[in-house]
Amino acid sequence: MISENDARAKILEAVRPLPARKMSILEALDCFAAEDYFARLPLPMFDNSAMDGYAVRAGDCKPGKRLRVIGEQPAGVDRQLRVSNGQAIRIFTGAPIPAGANGIVMQEDVTRAGDEIVVNVEVEFDEFVRKRGCDLGEGQKILGKGDRIVATRLALLASQGLAEVLVGGEVRAAIISTGDELAEAGEKLEAGKIYDSNSILLQSLLKRSGAAVASTQHCGDDAKSLQKAFQAAARNEIAIVSGGVSVGEHDLVQSTLRELGAKIDIWRVAIKPGKPFLFGQLGSCFVFGLPGNPVSAFVTFLQFVRPAILKIMGASDLELPKIPAKLTVDLANDGDRAHYLRGKLEDGNFAPIGRQESHALFGLSQSNALLRVETGESIKAGATVHVQIWE
Ligand code: AMP
Ligand code: MG
């Protein structure tokens, strides 16, 4: 049995980022930038008006002042107008500031009379003027290599006129669920059978991690069908097998992988739930063997599979987000494995929820955070803990 940290380090050492690819900006959402990006254009790109109103000379305006409206400056063209003392130019939001102007008076703050306005307020220097580059300067870094391209960053790239971005590769993953007891949705359940929930769990977690699900196969507990399933799965970057990694006579994943010539790098990790976790390489495919118990599959996916996927896709941050929370109960771990407790994070408090056994899928479904309690650690109610979230 190796420690959880050693297991993660070994996995992350084995996997390598895929080659980068050019991608249309429309499809780059949730990919990872494969290079640093710098602003080619400042934001705003030119001094422009933050309001519909009148461009004026600030020093020239005080309440009661009459100004002649000498032109109109809409957004989308630059009419190259110039304003002097005693004058105003009708202007609209986003329109370039005319030469000579250094303030905008809102249309609500003037009284219009023919081709004149009466200003009803003081106008401060640069009031309602959005200055070129005040948000983003030319050459400033806008995205780092390995950053996830979320909607707002995608919009920022679009503001630079980019049609394509260089992003990390796409991970294709095969799922194999094993077990003679498993039935598919819609099938009639014979006595002793259960519905396969791990396939769905793993598909969902893979999608959330940004990987593509290449195939989902189901195998009984027999070496022949397992072999075939692995051979098909090995065409992908990763294969995730659920069940069959433990020590029973029906747990055939490890022996089958060895027969196929796979290299087994990890088997059994000091993590609860998830001890029988397996990691190996079959040809160029990384194989993750997750225990069949749903909570074990969930926890080992998040701790071992997710960071590997992120690394292969070129992400720089491989960690789950961690949130500080106040623990509501006393906790202690006197076992020999780090314990991941499922709990509910609500209003800054964390409380364990549901049964804490590895088969307890309902309890897991009620939780939204994981608390890792190290071996030998005890934590008192009221203490601040840092819990992992995954949604
Ligand atoms: P195993 O890891 O194969 O020994 O399975 C451990 C437990 O997980 C057993 O109770 C299995 O019935 C259950 N299990 C295995 N695979 C799945 C699955 N795909 N969906 C739901 N439960 C499963
Ligand atoms: Mg099994």
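Values reported hereafter were calculated over all heavy atoms of this structure, with side chains retained and with hydrogens, waters and symmetry mates removed. As the structure lists them, so they are numbered: ligands from 1, and atoms in each ligand from 1.
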Do the numbers put Arg90 on top of the ring of Tyr54, so that NZ or CZ is under 6.0 Å from the six-membered ring centre and no more than 45° off the axis?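 The answer is yes; both the distance and angle limits are met.
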For ligand 1 and Ser197, I'd like to know whether there is a polar contact (N/O to N/O, distance under 3.5 Å).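 Yes - when backbone and side-chain N and O of Ser197 are compared with those of ligand 1, one distance drops under 3.5 Å.
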Asn293 N/O to ligand 1 N/O under 3.5 Å: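 So ligand 1 has an N or O lying under 3.5 Å from an N or O of Asn293.
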Verify the ring-centre separation between Trp267 and Phe277: is it less than 6.0 angstrom?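 That pair fails the under 6.0 Å test.
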Out of Gly292, Ala183, Gly192, Gly243, who gets a non-hydrogen atom closest to atom 14 (N) of ligand 1?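 Checking each option, the heavy atom nearest atom 14 (N) of ligand 1 is found in Gly292.
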Whether Ser242 lies under 4.0 Å from ligand 1, heavy atom: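 It does, in that a heavy atom of Ser242 comes within the 4.0 Å cut-off of ligand 1.
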So is Glu181 in contact with ligand 1, going by heavy-atom distances below 4.0 Å?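 The answer is yes: ligand 1 sits under 4.0 Å from a heavy atom of Glu181.
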Between Asp251 and ligand 1, which residue portion shows a heavy-atom distance shorter than 4.0 Å: side chain, backbone, both, or neither?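 The answer is the side chain.
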Got the closest protein heavy atom to [atom], with its distance?
atom: atom 22 (N) of ligand 1; answer: Ile194 CD1, 3.5 Å
atom: atom 17 (C) of ligand 1; answer: Asn198 ND2, 3.4 Å
atom: atom 1 (P) of ligand 1; answer: Gly244 N, 3.8 Å

For Asp135 and Pro44, work out which heavy atoms get closest and say how close.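 Heavy-atom minimum between the residues: N-CD, 4.0 Å.
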Against heavy atoms of Asp196, which atoms of ligand 1 measure under 4.0 Å?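 Once the distances to Asp196 are compared, the set is 18 (C), 19 (N), 20 (N).
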Under 6.0 Å from the CZ atom of Arg235, do we count more than 12 heavy atoms belonging to anything else shown?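 12 or below, so no.
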For Glu124, I'd like to know if atom CD has over 12 heavy atoms of other residues, nucleotides or ligands within 6.0 Å.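 Open: at most 12 neighbouring heavy atoms sit under 6.0 Å from CD of Glu124.
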Is it true that Arg8 and Asp6 have a side-chain N and a carboxylate O under 4.0 angstrom from each other?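 Looking at Asp6 together with Arg8, the answer is no, because their closest N to O distance does not fall below 4.0 Å.
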Could you pull out all residues at least two apart from Asp317 that satisfy side chain to side chain contact (heavy atoms under 4.5 Å, CB included)?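 Residues passing side chain to side chain contact (heavy atoms under 4.5 Å, CB included) with Asp317: Glu319.
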